[in-house]
Amino acid sequence: MRTVASIALDATCYGMTLFMISVGLSVMMGLMRIVNLAHGAFAMIGGYIASYASVSLGLNYAIAIPLAALCTILVALPLEVVLYRRLYANSDALTQLLLTIGITFLIIGVANYVFGPTLKKIPLPASLSGPFDIGFRMLPTHRIFVLACGCATALALWLLLERTEFGIRVRAAVDNAGMAEALGIRTSRIYLATFCIAVGLAAFGGVVGAELLPIEPYYALRYMVIFLVVVSAGGAGSIAGAFLASMLLGLADTTGKYLMPEFGEFFFYSAVILIVAIFPNGLLGREH
Amino acid sequence: MPGGNLEVEDLVAGYGATRVLEGVSMRVAAGERLAVLGRNGVGKTTLLASIMGLTQRHGGAVRIDGQDVSRSSTSDRARKGLGYVPQTRDVFRSLNVEENLVAGLKGKPRDLTRVAYEMFPRLAERHWNLAGQLSGGEQQMLSIARAILGEPTVLLLDEPLEGLAPVICDNLMAALGELSAQRAVTMILVEQQIQRALDFAENAVVLDRGRLVWQGRSADLAASPELVERYLGAASA
Amino acid sequence: MATRAGPSGIASGLLSPELLGFLVVWALGTVGYVLFPDDLAFLTRIVSIAFLVLSLDLVTGYCGVATLGHAALFGIAAYAAGNAARAGWADPLVLLAIGALVGAVSGLATGALIARFRGLPQLVLTIAVGQLVAALCNKLGWLTGGSDGLSDYTVGPLFGRIAFDMYGRVAFLMSVAILAVVFALLLRIVRSPFGLLTRAIKDDTVKARMIGASIYPRLVAMYGLSGAVAGIGGALGAITAGVVGLDGVSFERSASALVMLVLGGAGNLWGALAGTLVFHVFEHLVSTANPFHWMSLVGAMLILVVVFAPRGLSFGAIVLWSKLRARSP
Amino acid sequence: MSALLELYGVSKAFGGLRVTHDVNVALRGGDRVALIGPNGAGKTTLVNLITGQLKPDAGRIVLAGRDVTRASVEARVRLGLVRTFQITRLFSSLTALENVALAVLQHRGRTRNWLRPVAKMTSEVEEAQRLLEIVGIGELGTRSVVALAYGHQRQLELAVALALEPKVLLLDEPAAGVPHDEAPRILEAIARLPQDIAVLMIEHDMDLVFRFAQRVLVLANGEVIFQGTPAEVAGDAYVRRAYLGSYADARRQS
Amino acid sequence: LFAGTAMAADPIRVGIVGTMSGPYALFGQNFKRGIDAWVAQNGNKVGDIPVEFIYRDEEAPNPAKSRALAQELIVKEKVQYLAGFYFTPNALAVAPLLGESKTPLIVMNAATSAIVEKSPYIVRTSFTMWQNTKPAALVAKERGAKKVAIAVSDYGPGLDAEAAFKGTFEAAGGTVVEAIRMPLATTDFSPIMQRIKDSGADTVFTFLPSGPPTLGFVKAFIDNGLKASGVKLMSTGDVVTEPDLPNIGDAGIGILSTYHYAVSHDSPENKAFIDQFVKDGGKFDEIAMTSVAAYDGARLIYKMIEATKGQRDPDAAIAAVKSMSWVSPRGPVSIDPETRHIRQNVYLRELVKVDGKLLNKEIQTFEAQPDWALSKK
Ligand SMILES: Nc1ncnc2c1ncn2[C@@H]1O[C@H](COP(=O)(O)OP(=O)(O)OP(=O)(O)O)[C@@H](O)[C@H]1O
Ligand SMILES: Nc1ncnc2c1ncn2[C@@H]1O[C@H](COP(=O)(O)OP(=O)(O)OP(=O)(O)O)[C@@H](O)[C@H]1O
Ligand SMILES: [Mg+2]
Ligand SMILES: [Mg+2]
């Protein structure tokens with residue numbers, strides 16, 4: 001019984017981490033319909049900045065996180081203006097893949113050059129590091145923090161996208177950019193804003209998830225598959241879907257790794273196949 | 001006096017390198033109703049789309065209330081008072097009816113969508129539906145309602161009657177008439193139902209292969225079967 | 001006949017597209033052989049990957065099935081060829097046939113699953129299947145050699161007489177010959193009614209069904225063909241490299257094949273060929289020039305291609321060509 | 001002549017919305033039937049049910065004597081059931097001629113051919129060209145679909161449908177977007193079809209309806225509320241009020 | 001112009017294939033640093049024969065690519081020696097080329113035992129899993145471990161480590177209560193920790209390839225409270241490579257590992273090596289074991305060139321180094337004449353903090369260890 005509870009807890013924490021690091025991609029893929037393979041690259045940039053800020057500048061974790069998100073957005077802005085903008089109008093998925101892979105390679109190369117090939121640490125404040133005794137077992141304290149961040153992010157995004165007209169404008173612009181313009185929606189601004197949100201979330205997720213997925217130059221490619229899978233299984237564009245998918249996949253992975261570690265990957269990907277087979281549009285995806 | 005003057009001067013436009021409009025000039029006064037007629041593929045849609053800034057402009061100018069908007073983005077033109085009902089309706093398929101209407105509101109309070117529901121009660125019944133699932137006629141209604149909610153001073157209508165039941169056509173023409181009368185909205189109407197178009201608009205232009213070949217009063221056109229025959233073919237008018 | 005305004009219509013008036021394709025591959029091969037006699041191993045590897053990219057084009061470019069797991073077909077066939085060699089089937093042509101067969105069967109099997117879906121779910125499905133295959137290959141060490149790779153096999157001489165040499169001459173010429181034949185054959189197939197239908201399916205499945213076409217069996221059939229082509233590439237790799245590694249089934253292999261395809265222009269077999277060639281040559285040049293930081297340059301190249309030839313190099317070339325022709329009287 | 005298409009008690013609901021309710025219709029060879037009704041009455045849905053794009057919640061559909069209620073879309077097409085779409089659907093990366101030629105090839109069972117270039121299949125390509133000319137866009141064959149004006153696309157879609165040599169042809173607003181002077185061409189094209197096939201046309205253009213139809217079905221809220229000759233329909237008070245509007249008056253005057 | 005005076009001998013070229021980019025870039029770059037250090041200390045000439053190193057990027061396990069690279073180096077760049085190779089399959093792919101082209105290969109990392117058996121022209125200066133793992137099992141036994149859980153990455157080297165530890169530990173009378181194979185792509189190790197906890201083991205032995213996974217494992221071990229509950233962690237040195245230590249942090253203090261090289265190894269040779277490494281612009285925090293393997297590999301290459309006087313004579317070259325022994329930065333080493341694999345000390349190290357810096361302190365030495373897997377046979 002205790003083991004079951006323990007596994008469930010691990011699954012939840014892992015799922016939440018998955019959610020945190022892929023929710024930015026969900027925004028990008030769902031709202032802007034851009035399969036942004038460079039998501040991991042942005043998360044990585046966020047991680048590097050946070051690491052630099054806390055290790056070299058000695059800034060507090062609480063300051064490093066927003067700083068990382070902000071700086072990553074600043075770094076990514078030129079990319080939006082020069083490159084991403086081309087994708088919005090003629091959204092051919094293959095072109096998107098090519099461009100965003102190109103961007104990923106570029107960023108990996110630069111990161112390797114600037115920061116070197118080693119892992120970078122983002123030191124946790126004492127209050128978030130080490131194990132935390134929750135009664136029947138120990139839990140990494142940081143996981144509790146991730147849990148909180150995940151819930152807050154999910155809620156905030158849901159409010160923004162479902163409760164305000166911003167969400168409607170974004171989806172209208174993506175659905176039919178020409179027509180949205182003809183209704184007075186300034187699509188390029190809308191795109192820009194959404195892009196910034198997505199990139200900010202990527203960076204945020206990168207920093208917060210760094211305990212599990214440590215920051216190094218190859219980060220951008222190493223975890224690409226995980227991001228893609230989580231978002232698509234949830235149904236692109238559905239924040240709740242991404243949330244649910246993260247949880248389910250977290251559960252599949254964690255139980256799989258517990259019961260039969262040597263077949264751990266089989267559980268994860270079988271769960272993916274199962275989800276897609278049962279919900280062809282992803283768990284909560286909209287039909288297009 | 002709200003604006004609504006539209007001037008098109010020597011407009012050359014098309015798709016990519018292809019030119020469809022070969023120099024079109026026309027002037028529509030505030031509150032005027034103009035019918036744009038012509039056979040298939042002569043460039044009527046292209047003309048409206050070019051006024052909206054949705055095509056490739058190769059030359060010429062578009063002016064709204066005397067202000068040159070040739071280089072403005074489509075959204076700026078919309079904000080200057082243009083409203084557009086495209087031929088292909090272009091509802092936002094993945095948004096529901098309500099959201100489609102809100103997208104057209106230009107930031108005005110949300111409960112104004114009521115206006116649209118009053119105009120087309122059918123939409124009110126379907127307001128939770130995804131627009132992509134609506135019937136053809138319902139999509140047409142949605143497209144028109146969405147444009148009207150933006151309170152345009154110049155409304156461009158590309159075959160708005162297509163796919164609508166005859167009785168709805170009646171109501172719509174009446175509603176458009178009212179709109180132009182009460183708020184002096186300028187209307188440019190492309191329509192295949194020539195008789196209806198000529199009844200509605202006081203002036204008309206005829207396009208042929210990207211050029212204006214006739215302009216004048218609708219009544220003159222309606223009264224002259226030869227003209228109709230020459231420019232529009234053996235129509236049922 | 002003016003029906004061929006489509007992408008595969010580069011045909012000149014005199015030569016049929018197939019013959020043109022056959023000759024161009026040979027011409028390229030000869031140029032490579034004569035000008036770069038020291039790089040034949042590298043060129044052979046390009047040929048082997050070209051099969052994978054062509055195979056990907058068949059399902060992605062012609063049928064609209066976006067996949068990030070296509071390497072599975074390539075890798076499985078490579079393992080099959082390696083194991084066949086291990087079991088004593090030394091003749092390279094037999095091994096190629098085995099590769100094609102195993103590739104086709106795996107193609108039909110995965111196609112049967114994947115063709116049931118469309119869009120993003122499909123993409124994810126291909127990833128999941130690819131990853132499962134990769135994990136399986138890692139697990140089945142007795143069959144695949146696990147992470148160390150399968151290397152304890154020998155391939156006999158070609159036609160029982162011509163041994164493979166250290167410079168890779170035989171391997172290269174054999175690869176080019178097979179590529180030329182397969183390429184010509186594929187050019188033919190995409191011009192057939194079947195090819196036309198697959199392009200139609202890519203455009204609009206609903207409409208395709210409305211003209212009475214059964215989508216699913218056609219997609220699966222194309223997957224089978226695609227698997228055979230990928231299988232030839234995989235077997236070729238196994239024969240010429242002498243080792244089969246897990247990289248053959250990896251996500252990276254799948255993703256890079258897709259990158260090459262899009263780079264060259266999906267939906268056009270010439271594009272698949274051009275993409276493979278350009279990607280590898282460029283990568284080779286920059287990684288030789290700077291083995292440490294070449295990745296940024298490859299990234300930059302991909303970005304530039306999207307900016308200047310968004311539909312891929314081959315379409316970019318066609319556009320440029322027609323512009324130039326239009327300018328000259 | 002025996003019925004080519006029969007519907008027995010066909011019903012369909014989307015969630016709570018009843019879109020088709022207990023529809024019983026039979027089409028015989030030679031029938032020229034118009035289906036009219038207010039927007040959202042369920043006309044297109046009915047066509048979707050007949051073709052198999054939607055599955056009915058209840059009822060049976062019989063095509064040429066065979067129960068096809070569970071048959072796939074393409075199986076029904078092969079039995080001779082062909083439709084056009086209200087909003088054109090074409091293969092946008094193919095040329096106009098390729099669109100039609102593909103339909104001809106498919107109809108003649110030649111898309112299984114992997115090795116013979118389409119260009120060499122002269123008889124099919126010529127047939128496709130002939131069909132383009134019938135619908136009036138013979139000179140546009142080499143254009144890609146996206147470069148066709150909307151009206152021309154409508155004509156092309158009709159050509160694709162004709163290429164399948166239908167026994168039952170369902171036309172969903174074939175004249176929408178086609179200018180009035182071109183609309184008669186559609187009737188001409190239909191007139192050229194073999195007399196023994198059945199044609200069902202949805203149309204809001206009453207001139208066309210009244211010229212085309214021997215029989216008119218009126219659908220409202222998913223139910224067939226009236227059927228009869230055009231004259232009877234025009235004379236029905238409810239239909240006039242709920243659907244025809246001023247058109248009925250105009251017609252009476254003329 | 002000055003023909004004759006400028007006539008230097010043609011340089012001998014050495015092709016180095018390593019992971020210069022990609023996820024394992026650190027180790028390939030360490031090849032270069034190690035070789036640079038050797039060249040800086042010993043000059044770029046052997047006698048009056050200049051030596052030139054040419055680098056190629058193997059990037060990831062990709063045998064076909066590495067074979068093409070090797071072939072290109074041999075045929076086009078005319079290299080006389082090949083060296084490097086981080087990954088086993090990549091090294092295996094090259095083996096068949098060596099005989100025909102008469103090219104000796106010095107393996108500077110790839111750690112699967114069987115590689116050296118693939119060709120008589122292969123020498124290895126790195127290590128094997130058996131070599132490093134067997135002492136770990138002995139230590140575990142010696143220190144009173146009763147029930148051990150083994151957790152290794154599920155791929156070749158991991159399986160080697162598992163077999164070596166299990167075989168040795170059980171032969172010494174211990175019990176292995178759990179042998180877990182973890183997928184390479186594992187990021188969350190919590191369920192593994194749960195499993196270890198449930199197994200009731202008092203000691204965990206682990207091997208993972210160095211990089212993100214090792215870090216994740218160690219963190220999970222600490223954060224899930226295993227360390228606090230008194231479970232001991234043992235590993236090969238791969239899990240606590242020096243570049244990763246700052247990330248593991250203080251919580252890792254006390255981890256025991258066995259390895260053939262520690263950056264902190266206290267000897268004049270090592271000091272000289274590290275000074276050179278840093279002097280050449282390398283970062284102290286980025287020294288990895290591949291640099292030492294490359295440094296020693298360069299030594300062998302120089303020796304071979306000297307013995308063959310620059311001629312292409314692989315048999316003479318191999319013969320010259322076959323029984324060679326010297327003092328490497330890692331300690332005294334020799335080439336086993338039978339296996340052509342390096343015989344070296346394996347050290348038991350403990351993770352400690354000295355002057356605010358974490359390091360692996362050597363506390364016990366297992367002298368002159370062969371590759372147990374090869375020597376067994
Ligand atoms: N996207 C496009 N690319 C290239 N050419 C186009 C495109 N859209 C339309 N055309 C061409 O431009 C010409 C004018 O088309 P347009 O749609 O403006 O005609 P229209 O008068 O509105 O016709 P209709 O009455 O059928 O709606 C046509 O010849 C058409 O082939
Ligand atoms: N997939 C669906 N989900 C929910 N509602 C749907 C769906 N498809 C159609 N509807 C609704 O069913 C009703 C009937 O639609 P249908 O398209 O059959 O109307 P129609 O008679 O063809 O109208 P029109 O003349 O406007 O084309 C409409 O109100 C529409 O909104
Ligand atoms: Mg038009
Ligand atoms: Mg309809």
Can you tell which part of E:Ala93 gets under 4.5 Å to a heavy atom of chain C, answering side chain, backbone, both or neither? both
Any chance you could measure E:Arg56, atom CZ, to C:Ser287, atom OG, to the nearest 0.5 Å? 7.5 Å
Against chain C, label E:Ala60 side chain, backbone, both or neither, depending on which of its atoms sit under 4.5 Å from a heavy atom there. neither
Please determine whether a side-chain nitrogen of the Lys or Arg among C:Asp247 and E:Lys65 lies less than 4.0 Å from a carboxylate oxygen of the Asp or Glu. no
Student check: side-chain heavy atoms of C:His284 and E:Glu72 closer than 4.5 Å: yes
When only pairs under 4.5 Å are counted, which of E:Glu77, E:Lys76, E:Gln29, E:Arg181 shares the most heavy-atom pairs with chain C? E:Lys76
Answer whether the closest heavy-atom distance between the side chains of E:Glu59 and C:Trp294 falls below 4.5 Å. yes
State, with a plain yes or no, whether a side-chain heavy atom of C:Arg45 is found less than 4.5 Å away from one of E:Asn62. yes
Within this structure, what is the CG-CG distance for the pair E:Leu159 and C:Asn138, rounded to the nearest 0.5 Å? 8.0 Å
Report yes if the side chains of E:Gln71 and C:Asp38 come closer than 4.5 Å at any heavy-atom pair, otherwise no. no
Side chains of C:Asp148 and E:Thr112: any donor to acceptor distance under 3.5 Å? yes
Given E:Ala68, E:Gly28, E:Ala25, E:Pro89, the one with more heavy-atom pairs under 4.5 angstrom with chain C than any other is E:Pro89
Given the options E:Pro61, E:Ala91, E:Gly156, which has more heavy-atom pairs under 4.5 Å with chain C than any of the others? E:Pro61
What closest approach, in Å, do C:Val243 and E:Pro63 show between heavy atoms, and which atom pair accounts for it? CB-CB, 3.7 Å
Roughly how far, to the nearest 0.5 Å, is the NZ atom of C:Lys139 from the CG atom of E:Asp154? 3.5 Å
Taking 4.5 Å as the heavy-atom cut-off, does anything in residues 232-241 of chain C contact chain E, and if so which residues? C:Thr240, C:Ala241
With a 4.5 Å heavy-atom cut-off, do C:Pro291 and E:Lys32 have their side chains touching? no
Highest number of heavy-atom pairs under 4.5 Å with chain E among C:Pro37, C:Gly149, C:Ala41 belongs to C:Ala41
Sorted by number, residues from residues 119-129 of chain E in contact with chain C (heavy atoms, under 4.5 Å): none
Leading residue by heavy atom contact count with chain C [cutoff under 4.5 Å; candidates E:Asn90, E:Leu69, E:Val94, E:Asp57]: E:Asp57
